[in-house]
Chemist: 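What follows is a single structure, and I will ask about it in a moment.
So that the names make sense, note that chain A is the first sequence line, chain B the second, and so on, each numbered from 1. Computed from a predicted model, the values in this text were never measured in an experiment.
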Amino acid sequence: MESYKFDKIEKKWQKKWRESGLFKVDVKNSANKYYCLMMFPYPSAALHVGHGRNYIIGDVVARYKMMKGSNVLTPMGWDAFGLPAENAALKNGIHPKESTLNNIATMKRQMSSWGVEYDWDKEVASCNLDYYKWTQWMFLKLFEKGLAYRKKAFVNWCPSCNTVLANEQVTDGACERCESEVEQKKLEQWFFKITDYAERLLNDLDKLNEWPEKVKTMQSNWIGRSSGVNIDFPIEGTDKKLTCFTTRVDTIYGCSYMVLSAEHPMIDEIIENSPEKERIKKFVNKIRMESKIERLETSVEKKGIFTGRYVTNLITGEKIPLWIADYVLMEYGTGAVMAVPAHDERDFEFAKKYKLPIKVVIDNPNKHLIQEKMTEAYEDEGVLVNSDQFNGLKNTEAMERIADYMEKENIGRRTIHYRLRDWLISRQRYWGAPIPIIHCQKCGAVPVPEKDLPVVLPSDVEFRPTGESPLKNAESFVMTKCPVCAGSAKREIDTMDTFVDSSWYFLRFISPKQDDAPFNKKDVDSWLPVDQYIGGVEHAILHLLYSRFITKVLFDSKLVGFDEPFKRLFTQGMIVKNGAKMSKSKGNTISPDALIKKYGADTVRLYTLFIGPPEKDAEWSDRGVQGAYRFLKRVWTLLDILSKAPSSVKEKGAELETLRKMHQTIKKVTEDIDGNFHFNTAISAVMELVNLIYKVLSEKGADSYSKGTLREVLNNVCLLLGPFVPHIAEEIRQSLGEKESIFRSKWPEFREDMQRADTVVLPVQINGKLKGRVEVKCGLSPEEIKKRVLNDDKVKSYLVNKEIRKWIIIANKLINIVIPTQTTS
RNA sequence: GGGCGAAUGGCGGAACUGGCAGACGCAAAGGACUUAAAAUCCUUCGGUUGAAUAAACUGUGAGGGUUCGAUUCCCUCUUCGCCCACCA
């Protein structure tokens, strides 16, 4: 028997799978369909083993489902637009298109070397004309529905990347990508009105019962629904009013001042006649200039200034001072806050600093609050005091009663606020899909007619970032005719956020070559939603929320017949090395290429899957790879052992035991994969089975198994290992004389009757502590078991002169005898 | 500050619904084979006491509780991770 030559074997089978079209799918036939999708990657220079985990997991699922009889579609594509390619181009002068295509070729080669296969006929790349044409088409659909709009807005500006960032791309006031401090800039920008869908995006999370709770919670927090009351406060001496949003209307009697955000649009008007006008203006401007990073720093003391004006708290009739402060956000609520220092930490701190009144209106039921002695705000539940007619009510009840009263008196209205804000999609960058809009002096912003799509991204552009889109200087691109009045006009020069590209790609895979529509509706409706989506948890909010949004928009336009794109979601953990995420900058990446060369793809796959539960982060160990290699060699050697096995055996005990173990293993592996992809325990179960064979051979001799039995076991081992280590499994099975590919064969069925032994060893506990074991026949009655246990010498020795209080007998599991405990008196 | 999750040998991790803690793998130690090494095969491997492969005790971050029985459920605390964060 030849030794395990993984290199030869792996090349051979990779070729066979491709030639036989194992992964090719005809979308017209959707019977038994299973759409298994990996998040398509950004084409970066080279993959490391951390990336590999993602594709390997997907490949295992796809191959397993094939064996289970599904018609499995697994396509792959490229999220090919984006900043890194452009930044790299600035450094080394290679055009983003060229470097992107190179990277794609490298990654495809790496994927193949892992034995990870896809239906490559369906490959898409978001930077290709025939793809981004339809991204632009999506924009037009949203524009038609009034869901794409332009407005001048304070935007997050990264001075290093020279572009605007979405809120989602700003972390701790810094650019997610380059970690530069983000500035605020007021610019004319395109937005998608995702806030229109806030309620549905939130409510429909309930439909996603096969998504991880964690991801749903993150989305739910991000959408951030809070219900409260909008309350009007007339401005003293004018006919204007300010409206503020509160979730704690029960504290309205404790409202002792009001605060505006520095960005509040009415500030100029309010301070117009103030003698302190200039001083206030200066203060406001200073706050506006402050970066997000400074303003988010909670440890920094809050700053504010009195406007000189008062507003009326209509429920009490009190005049309260109107302030401007840096701790109020314009983006949330109305940009105006009613301050209740006694019951809000921030207001408390502010009131103490500026000596504003603090009035207790919710008393702590456990410890009476004394205003003068308070050192911090009391934010918990309690009973209303100092609140006129509402005194004595529980604050939760008071919320409803006061809201009712306000609505009746027309002082305020119940309302719901979301933290979610509209999606800013403009990017002042070159390497993206141009926004299909034409600006005409006469007609304004006019959409490019569908028949004129795509708006082609010019290739010969100086794309050095200047703060404006590089497309600005591409005259032949910019200058155009207005589609409405035919007058001369200019094209929009911004490109779209790449998250737009990736929010619909799962549809394009179904009809990647369709040239008169983004996708074929009938086929898409028969293949979607995606049955299994797999990707990193870092996309829990952005990509997954945007994709859900776009799907809902398409659903409302009757362009697709489903309103959630991903039925089941699996988020895999990262592979870390020396405790840190693998990254080029940290220099701790492990390239799969060298490992594959040394041990083969199957070993790398096996180790990657064995390293731990796939949803968790895992620490990479080069040593551990050895163990996987060792195991595969042990399996391979079984072929040799088989060739020397006798044709029959007299003593069948070992065979029976092994067959029993085999059926237990089939059950375990099936359940582990079906459950939550616990490949690590599935693999260890197969290892146990293989270990048992070796143990029997060493203890009972080389002729313990007949050829037939050993062949059957080995065949099943191959079937069970097929999804994990497909090459070696195919090769061994072929050596066993099987003609058909594993992935066109049936997943083994376990036989319930084969799993059980006739006898079982029961642990015997006394007062919950293990004291012995007895072997009994299965299905013995409790009385018979008791008899048997009381006959056991060891157990007996513990029961001398003891009264048995109680027997606990768990069938086929355990026996516990309860006796009086010794008390030392 | 809020939300979610985690904590088990030297290490990665296992334990179904409350029922034999440490499966499986790595590392380590010993043995077989070999002139030798590698590879392979076999054995041992939580801790303490013990000559012991006898036996006992102890043991799943800490403390308490429920239970015949707790890694698992409840309460308090500690540490770590992730997400969100001046969100009214």
Side-chain angles (χ1 to χ4, degrees), chain A residues 3 171-172 212-222 224-226 228 244-249 251 259 261 295-300 302 325-329 331-340 343-347 349-350 379 417-420 537-538 540-541 573-574 579 606-607 610-613 616-628 630-631 633-634 637 668 671-672 675 678 680-688 690-691 694-695 697-699 761-773 805-810 813-819 821:
Chain A
S3 66
T171 316
D172 290 334
E213 273 317 306
K214 183 176 61 170
V215 173
K216 290 198 277 182
T217 310
M218 278 162 70
Q219 290 216 354
S220 163
N221 290 343
W222 189 260
R225 180 188 201 272
S226 54
C244 77
F245 172 70
T246 182
T247 54
R248 289 296 303 271
V249 70
T251 63
V259 217
S261 153
R295 288 184 68 175
L296 285 174
E297 193 51 66
T298 36
S299 60
V300 167
K302 303 180 189 340
D326 61 350
Y327 74 94
V328 179
L329 305 172
E331 307 91 86
Y332 187 79
T334 60
V337 173
M338 64 171 229
V340 185
H343 306 292
D344 182 284
E345 202 189 310
R346 294 152 300 171
D347 298 343
E349 189 194 318
F350 193 81
E379 295 183 331
H417 266 286
Y418 295 94
R419 215 190 64 108
L420 183 71
V537 74
E538 66 272 21
I541 298 173
M574 283 181 311
L606 190 72
Y607 175 66
F610 185 65
I611 192 167
K616 288 210 188 120
D617 290 352
E619 170 81 27
W620 183 269
S621 135
D622 283 334
R623 279 258 174 86
V625 181
Q626 287 263 8
R630 226 172 266 165
F631 171 68
K633 279 194 288 188
R634 270 160 83 83
T637 306
K668 170 83 176 147
E671 285 173 355
D672 280 349
H678 280 168
N680 55 333
T681 48
I683 291 166
S684 72
V686 184
M687 286 174 168
E688 281 182 59
V690 173
N691 288 351
Y694 273 88
K695 193 176 153 213
L697 291 170
S698 106
E699 280 176 6
V761 176
L762 291 179
V764 181
Q765 297 181 334
I766 291 174
N767 288 342
K769 296 212 164 150
L770 182 68
K771 294 295 179 191
R773 289 166 210 282
R805 289 216 173 135
K806 201 173 168 186
W807 283 87
I808 312 265
I809 296 172
I810 313 288
K813 263 224 175 106
L814 156 148
I815 296 155
N816 190 12
I817 303 168
V818 185
I819 59 172
T821 45

Chemist: A:Tyr694 near the nucleic acid: base, sugar-phosphate alone, or nothing, with a heavy-atom cut-off under 4.0 Å?
Modeler: sugar-phosphate

Chemist: Which nucleotide in the list B:rC20, B:rG19, B:rU40 gets nearest to the side chain of A:Lys633?
Modeler: B:rU40

Chemist: If we call it a pair only when both distances are under 3.5 Å in a Watson-Crick or G-U wobble match, what pairs with B:rU53?
Modeler: none

Chemist: Would you please say whether a donor-acceptor pair under 3.5 Å links the side chains of A:Asn221 and A:Arg419?
Modeler: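 Note: A:Asn221 and A:Arg419 side chains miss the donor-acceptor criterion.
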
Chemist: Considering only B:rU58, B:rG3, B:rC20, which nucleotide approaches the side chain of A:Leu814 most closely?
Modeler: B:rC20

Chemist: Could you let me know what B:rA38 is paired to, Watson-Crick or G-U wobble, both distances under 3.5 Å, or none if it's on its own?
Modeler: none

Chemist: Of all the choices, B:rC87, B:rC86, B:rA14, which nucleotide is nearest to the side chain of A:Pro613 once you look at every atom?
Modeler: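 Shortest atom-to-atom distance from the side chain points to B:rA14.
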
Chemist: Where the side chain of A:Asp672 meets the backbone of A:Asn680, is there a donor-acceptor pair that is under 3.5 Å apart?
Modeler: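 No.
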
Chemist: The side chain of A:Glu688 is closest to which nucleotide in this list: B:rC24, B:rA21, B:rU58?
Modeler: B:rC24

Chemist: A:Ser226 or A:Ala685: which one's nearest nucleotide on RNA chain B is closer to the 5' end?
Modeler: A:Ala685

Chemist: Please tell me which of the listed nucleotides, B:rA88, B:rC68, B:rC20, lies nearest to the side chain of A:Lys806?
Modeler: B:rC68

Chemist: Classify A:Asn816 by what it touches in the nucleic acid, base, sugar-phosphate, or nothing, heavy-atom distance under 4.0 Å.
Modeler: base

Chemist: Between protein and nucleotides 25-30 of chain B, what N or O pairs are separated by less than 3.5 Å?
Modeler:
from   : atom 1 : to       : atom 2 : distance (Å)
B:rG25 : OP1    : A:Asn691 : ND2    : 3.1
B:rC26 : OP1    : A:Arg630 : NH1    : 2.7

Chemist: Counting side-chain heavy atoms from C-beta on, which of B:rC87, B:rA14, B:rC4 comes nearest to A:Arg346?
Modeler: B:rC87

Chemist: Expressed as a whole number of angstroms, how long is the span from A:Tyr607:OH to B:rC11:P?
Modeler: 15 Å

Chemist: Tell me the partner of B:rA7, counting only Watson-Crick (N1-N3 plus N6-O4 or O6-N4) or G-U wobble (N1-O2 and O6-N3) with both under 3.5 Å; none if nothing fits.
Modeler: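 For B:rA7, the partner nucleotide comes out as B:rU78, under the 3.5 Å rule.
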
Chemist: If you count the non-hydrogen atoms of other residues, nucleotides and ligands that lie under 6.0 Å from CD in A:Glu345, is the total more than 12?
Modeler: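 Check fails, neighbour count at 12 or below.
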
Chemist: Between protein and nucleic acid, restricted to nucleotides 65-67 of chain B and to nitrogen or oxygen atoms under 3.5 Å apart, what atom pairs and distances do you find?
Modeler:
none

Chemist: Counting Watson-Crick and G-U wobble pairs only, both distances under 3.5 Å, name the nucleotide matched with B:rG1, or none.
Modeler: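 When the pairing criteria are applied, B:rC84 turns out to be the nucleotide that pairs with B:rG1.
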
Chemist: Check every atom of B:rG19, B:rA23, B:rC83 against the side chain of A:Met218 and return the nucleotide holding the closest atom.
Modeler: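 So the nucleotide nearest the side chain must be B:rC83.
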
Chemist: Nearest nucleotide by nearest heavy atom, which residue falls closer to the 5' end of RNA chain B, A:Ala618 or A:Ser698?
Modeler: A:Ala618

Chemist: Of the options B:rC84, B:rC86, B:rA14, whose atoms approach the side-chain atoms of A:Trp222 most closely?
Modeler: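 Selected nucleotide: B:rC84.
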
Chemist: Mark yes or no for whether A:Thr217, through its side chain, and A:Glu213, through its backbone, hold a donor-acceptor pair below 3.5 Å.
Modeler: yes

Chemist: Under 3.5 Å for both donor-acceptor distances, Watson-Crick or wobble: does B:rG46 have a partner, and if so which one?
Modeler: B:rU58

Chemist: OP1 or OP2 of B:rU58 versus the side-chain N and O atoms of A:Lys769: is any pair under 4.0 Å?
Modeler: yes

Chemist: Looking at every strand, decide which applies to A:Asn680 at a 4.0 Å heavy-atom threshold: base, sugar-phosphate, or nothing.
Modeler: sugar-phosphate

Chemist: Considering only heavy atoms and no angle criterion, is a donor-acceptor pair shorter than 3.5 Å present between the side chain of A:Lys302 and the base of B:rC86?
Modeler: yes

Chemist: Answer with base, sugar-phosphate or nothing: what part of the nucleic acid does A:Val337 contact at a heavy-atom distance below 4.0 Å?
Modeler: base

Chemist: With a 4.5 Å heavy-atom cut-off, do A:Thr251 and A:Met338 have their side chains touching?
Modeler: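 Result yes, sub-4.5 Å side-chain heavy-atom pair found.
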
Chemist: Would a 4.5 Å heavy-atom cut-off, applied to side chains only, mark A:Val537 and A:Lys214 as touching?
Modeler: yes

Chemist: Could you tell me whether a side-chain N or O of A:Tyr607 sits under 3.5 Å from a main-chain N or O of A:Trp620, the two making a donor and an acceptor?
Modeler: no

Chemist: Under 4.0 Å: is that the gap between some side-chain N or O of A:Arg419 and OP1 or OP2 of B:rA85?
Modeler: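 Affirmative; the distance criterion is met.
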
Chemist: Distance-only, no hydrogens or angles: does the A:Asp617 side chain make a donor-acceptor pair with backbone N or O of A:Met574 under 3.5 Å?
Modeler: yes

Chemist: Does A:Ile611 reach a base, just sugar-phosphate, or nothing at all? Heavy atoms under 4.0 Å.
Modeler: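 Sugar-phosphate only.
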
Chemist: Taking any heavy-atom pair under 4.0 Å as a contact, classify A:Gln765: base, sugar-phosphate, or nothing.
Modeler: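 If one applies the 4.0 Å heavy-atom cut-off, A:Gln765 turns out to touch a base.
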
Chemist: So A:Lys216, base contact, sugar-phosphate only, or nothing? Heavy-atom distance under 4.0 Å.
Modeler: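 A:Lys216: no heavy atom of the nucleic acid under 4.0 Å.
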
